Amino acid sequence: MNSISEILKSEFIGKDVTIRGWVYRSRSMGKKAFVVIRDSTGIIQAVAERSNMPEEEFTLAEGITAESSVEVTGTVAEDKRAPGERELRLKSFKVFCRNESFPVTKDKGEEFLLDIRHLWLRSREFTSILKIRSTVFRSFADYFYGQNYYQVQAPMMVSTATEGGSTLFKVPFFGEEVNLTQSSQFYLETMIFSLEKVFTIAPSFRAEKSRTRRHLTEYWHAEGEAAWFGNEEMMQEEEKMISHIIKEVIKDNSEDLERLGRDLNKLKTYTFPFPRMKYSDVIKLGRSLGLDVNYGDDLGADEERTITMQFSKPTFITDFPATLKSFYHRPNPENPETVLCHDLLAPEGYGEIIGGGERIWELDVLQRRLRESGLREDDYYWYVDLRRYGSIPHSGFGLGLDRLVMWICGLESIRDAIPFPRTIRRMKP
RNA sequence: GCCGCCGUAGCUCAGUAGGUAGAGCACCCGGCUGUUAACCGGGCGGUCGUCGGUUCAAAUCCGACCAGCGGCGCCA
């Protein structure tokens, strides 16, 4: 048994091989039938000729339908007429499952593809996306292992909110109610006191009724937290991590990127260091572009898109006003109206993929910020305790992995970056 | 939560002076010795999203509902 990518190598020319896979396309013409077969590694055209094989097997080959599963044996040949100039001259054609009719044809609409996502996953486009996604997840973890981080796990069922409380999913819990996690950050913070540097990859859930191409209700959140790190050191870690992921994808998935129509030359320029811009300067830039934005405004989607179209690289935005960020961000000692934080905005209009910053580590400051945010200290007793016992400066970040995949692949919708998207209106398949 | 849009064959769509539906693809049958999303001929295939209203008559006009898509706000 051989894989298709393997037998496409020149040393296989003239050799007999057996492959298993699925029918990508088939065309029959009387005494010959052309069956293009795919497996997870590639595709190859197989040629069935009546005179070369048992009559009943030729009949099977001639009448085979799209996406049927088959096992074939034949001789690898070089032929200019074949797509890719390699083909398999068949001696045997066996069928595991012959399909009546496969729902995916050349005409397909967006909604239909979401309804039959379980079958659309087999398409070459989606196969490429999933391969790239796999590289992104692997290289994210590899980067942090390489920097001596430990991978940790936090609970998905939690009692407290990390971000705004209104976007929590409530689930029944033995007669009470708990929430699905929005972020593992607070739990990661508990673990830096023993492990110092930690990361996690986990789903996060947001009950926001978002109807945009960049939101999912269930998404994959990659988060890191590092003891002793300031905001700037965290940004340096992140820009190296993003550069590493892009480099790995280019190395392992260049064919997949090309199939998706992604401009590789553009991706190759996304290497660290990434530019930094203060929030106040982003507002100035926005105003110079004719946008109606003022200091203290959060950037709207249109504004963010207009501004990031100016960027030639992913760019960190720092020094946001404290009013725009969650309570745990550490005020800048030099300008307490702002916090030591950063968002990383991807270029090409893709926008925010990372949010992070330095965490408040002084007990009294955290208690004051909780009060100012209208939160009860009792609900966050364990988070506050961390500031009571051996507290230290530290920073962290959260990365939207699906958004990263979307940007790297150049996709129009985040739903195509994940196999089974969960949105406000879609729970199936 | 707010605004906009769509729903006709398995899929992509066409279908107005209101007269109960059609094409291409898929699938089936036949033809073809090199196809490249093959081609040629034939065939199968529809409670026109649901419910109600107007009308002699509704895919078509009106209303409600259901389902989904897009944009904003919010965020990763």
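Sequence lines set the chain letters: A, B, ... in the order given, protein chains first and strands last, and positions in each chain run from 1. Note that this is a predicted model, so its numbers are computed, not measured.
Summarising the base pairing, B/A23 is matched to B/U12 through a Watson-Crick or G-U wobble pair whose two defining distances lie under 3.5 Å. Shown here, B/C48 forms no base pair; nothing in the strands shown gives a Watson-Crick or G-U wobble contact with both key distances under 3.5 Å. Using N1 to N3 plus N6-O4 or O6-N4 for Watson-Crick, or N1-O2 and O6-N3 for G-U wobble, each under 3.5 Å, B/A37 pairs with nothing. Pairing for B/C61 goes to B/G53, judged as Watson-Crick or G-U wobble with the two contacts each under 3.5 Å.
Nucleic acid contact for A/Ser204: none, since no nucleic acid atom lies under 4.0 Å from a heavy atom of the residue. Looking at heavy-atom distances under 4.0 Å, A/Glu49 makes no contact with the nucleic acid at all. In this structure, A/Ile354 reaches the sugar-phosphate backbone alone: every heavy-atom distance under 4.0 Å involves primed, P, OP1 or OP2 atoms, never a base. Within the nucleic acid shown, A/Gly300 comes within 4.0 Å of sugar-phosphate atoms alone, with no base atom in reach, counting heavy atoms only. Among the atoms of the strands shown, only primed sugar atoms or phosphate atoms (P, OP1, OP2) are found under 4.0 Å from some heavy atom of A/Asp298. Residue-level contact check: A/Glu223 touches neither bases nor backbone, having no heavy atom under 4.0 Å from any strand. No contact: A/Leu399 has no heavy atom under 4.0 Å from any strand. Among the heavy atoms of the strands lying under 4.0 Å from A/Phe34 is at least one base atom, whether or not backbone atoms are also near. Here A/Asp79 lies in heavy-atom contact (under 4.0 Å) with a base. Contact annotation for A/Leu401: no contact, since no heavy-atom pair falls under 4.0 Å across all strands.
Distances shorter than 4.0 Å separate some side-chain N or O of A/Arg426 from OP1 or OP2 on B/C69. Contact annotation: A/Arg415 reaches the phosphate of B/C69 (side-chain N/O to OP1 or OP2, under 4.0 Å). At the phosphate of B/C72, OP1 or OP2 sits under 4.0 Å from a side-chain N or O atom of A/Arg305. Considering only side-chain N and O atoms, A/Lys209 lies under 4.0 angstrom from the phosphate OP1 or OP2 of B/G1. A/Arg214 has no side-chain polar atom (N or O) that falls below the 4.0 Å cut-off from OP1 or OP2 of B/C72. One finds no side-chain N or O of A/Arg81 lying less than 4.0 angstrom from the OP1 or OP2 phosphate oxygen of B/U33. Listed pair A/Arg213 / B/G71 meets the phosphate criterion, a side-chain N or O lying under 4.0 Å from OP1 or OP2.
Side-chain contact annotation: A/Asp252 with A/Thr135, donor-acceptor N/O pair under 3.5 Å absent. A/Glu223 and A/Ser183 form a side-chain donor-acceptor contact under 3.5 Å, judged by distance and modelled atom types alone.
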Could you please spell out the steps behind the side chain to side chain donor-acceptor pair (under 3.5 Å) verdict for A/Arg206 and A/Tyr219? CA-CA 8 Å; A/Arg206 301 277 166 102; A/Tyr219 69 97; 3.1 Å; yes
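Considering only the side chain of A/Met29, B/U33 comes nearest among B/C75, B/G73, B/U33. The side chain of A/Arg25 has B/A37 as its nearest neighbour among B/C75, B/A76, B/A37. Between B/G73, B/C75, B/U12, one nucleotide has an atom nearer to the side chain of A/Glu304 than all others, and that is B/C75. Here the nucleotide nearest the side chain of A/Ser210, chosen from B/A76, B/G73, B/C11, is B/G73. Distance from the side chain of A/Ser101 is smallest for B/C27 among the nucleotides B/C27, B/G70, B/U33. Closest to the A/Ala82 side chain, of the nucleotides B/U35, B/C11, B/C69, is B/U35. With distances taken from any side-chain atom of A/Arg211 to the nucleotides B/C69, B/U35, B/G73, the minimum falls on B/C69.
Residue A/Arg426 holds its CZ atom at 8.5 Å from CZ of A/Arg117, rounded to the nearest 0.5 Å.
If you measure from atom CZ of A/Arg117 to atom P of B/C69, you get 11 Å, rounded to the nearest angstrom. As a whole-Å value, the separation of A/Phe205 CZ from B/C75 P is 20 Å. The distance between atom CD of A/Glu352 and atom P of B/C74, rounded to the nearest whole Å, is 12 Å. In this structure, A/Trp407 atom CH2 and B/A76 atom P are separated by 17 Å, rounded to whole Å. For the pair A/Phe320 CZ and B/C74 P, the interatomic distance rounds to 12 Å; values are reported in whole Å. Atom CG of A/Leu180 and atom C1' of B/C75 are 17 Å apart (whole Å). Rounded to an integer number of Å, the gap from A/Asp115 CG to B/C69 P is 8 Å. Straight-line distance from the CD atom of A/Glu218 to the P atom of B/C75: 21 Å, rounded to whole Å.
For A/Phe102 and B/A26, the ring-to-base geometry does not satisfy the stacking test (centroid distance below 5.5 Å, interplanar angle below 30°).
Nucleotides B/G71 and B/C25 have their C1' atoms positioned 32 Å apart, rounded to a whole Å. B/G15 and B/G22 are spaced 15 Å apart, taking the P atom of each and rounding to whole Å. Only the P atoms considered, B/U47 is 12 Å distant from B/C51, to the nearest whole Å. Only the C1' atoms considered, B/C29 is 10 Å distant from B/C44, to the nearest whole Å. Distance check on atom C1': B/G18 versus B/A59 gives 10 Å, rounded to whole Å. Annotation: B/C2 and B/G46 have their C1' atoms spaced 38 Å apart (nearest Å). Between the C1' atoms of B/C32 and B/C40, the separation comes to 9 Å (whole Å). With both ends at atom P, the span from B/G24 to B/G41 equals 9 Å, rounded to whole Å.
Note on ring orientation: taking the six-membered ring where Trp is involved, the planes of A/Phe316 and A/His342 are perpendicular (angle over 60°, cut-offs 30° and 60°). Relative orientation of the A/Phe186 and A/Tyr328 rings is perpendicular, given thresholds of 30° and 60° on the angle between their planes.
Of the residues listed (A/Met234, A/Glu238, A/Glu232, A/Glu225), the one engaging A/Ser395 in a side-chain contact (heavy atoms from CB on, under 4.5 Å) is A/Met234, and it is the only one. With A/Phe199 as the fixed residue, the ring pair (Phe, Tyr, Trp, His ring centres under 6.0 Å) test singles out one of A/Phe397, A/Tyr150, A/Tyr145: A/Tyr145.
Within 3.5 Å, a donor on the side chain of A/Glu87 pairs with an acceptor on the base of B/G34, or the reverse. No hydrogens or angles were tested; on distance alone, nothing pairs the side chain of A/Thr212 with the base of B/G73 as donor and acceptor under 3.5 Å.
The nearest heavy atom of RNA chain B to A/Val47 and to A/Arg403 marks one nucleotide each, and the one closer to the 5' end goes with A/Val47. Take the nearest nucleotide of RNA chain B for A/Glu62 and for A/Asp402: the residue whose nucleotide is more 5' is A/Glu62.
In this structure, the side chain of A/Lys313 engages the main chain of A/Thr271 through a donor-acceptor pair within 3.5 Å.
A salt bridge does not link A/Glu111 with A/Arg425: none of the charged nitrogens is closer than 4.0 Å to a carboxylate oxygen.
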